[in-house]
Chemist: 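Mind having a look at this structure? Questions to follow.
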Amino acid sequence: MKRVWMMIPLILLSGCWKQDITKLEVKMINAKGESLGTVTLQEVSSGVKVKVKLNGLPPGEHAIQIYDKGQCKIPDFKTAGEHFNPDEKEHGLLHPKGSHAGDLPNLIVKDDGSVKAELMAGNLTLKEGIKKSLFTKDGTAIVVHEGKDDGMTQPDGDSGKRIGCGEISKDKKKK
Ligand code: ZN
């Protein structure tokens, strides 16, 4: 009987340790470090769902991509590195040798500066320890650009300056 009681906390503990993150809220900032809203990443069977809820952006079409360094230092966000590309492909959703795992469809920002969108990243995961995982040694980040991604031009779709950034970090996890 004693032995059964000892087993229960063990089972509970191991259950917690093995649980992968399935949802993560990323806080986005602009070049001044002000909040732009959030991007929520959610693990689904076909990849990672990217739920965008931003405001304070210039109206029009903007590139949004996942980058391969988890650092968003204002004002230019160069610290975020380059597009997350674990499969060593070419840039662009329209490129025949593409695309980077971090490439996403453009955002359309409304006249009031807001955008709500749901994008799918089929070559990414929130599970740890595999190549396409967003939790790498260097970390990863989400970047919004001044211009749109043409889906073809190397290395970033001719999308211009980086105007928004958010670090993808496990510490900020949300169930
Ligand atoms: Zn790319």
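Note that this is a predicted model, so its numbers are computed, not measured. In listed order, ligands and their atoms are each counted from 1.
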Chemist: Report the name of the N/O/S atom of H100 located nearest to the Zn ion (ligand 1).
Modeler: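 In H100, the N, O or S atom with the shortest distance to the Zn ion (ligand 1) is ND1.
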
Chemist: Closest heavy-atom contact between F84 and S133?
Modeler: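 Shortest heavy-atom separation between F84 and S133 comes out as CZ-O, 3.4 Å.
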
Chemist: Any side-chain donor-acceptor pair under 3.5 Å between Q65 and H145?
Modeler: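 Side chains of Q65 and H145: pair found under 3.5 Å.
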
Chemist: Would you say the side-chain atoms of Q71 pair up with the backbone N or O of A80, donor to acceptor, closer than 3.5 Å?
Modeler: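 Flag not set: sc Q71 to bb A80 has no pair under 3.5 Å.
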
Chemist: How large, to 10°, is the angle at the Zn ion (ligand 1) when you draw lines to ND1 on H83 and to ND1 on H91?
Modeler: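 Taking the Zn ion (ligand 1) as the apex, the two atoms subtend 100°.
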
Chemist: Quick one: sort the H91 and H100 rings into parallel, tilted or perpendicular, breaks at 30° and 60°.
Modeler: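 Aromatic pair H91/H100 classed tilted.
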
Chemist: Can an N, O or S atom be found in D103 less than 2.8 Å away from the Zn ion (ligand 1)?
Modeler: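 Given the 2.8 Å cut-off, D103 counts as a ligand of the Zn ion (ligand 1).
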
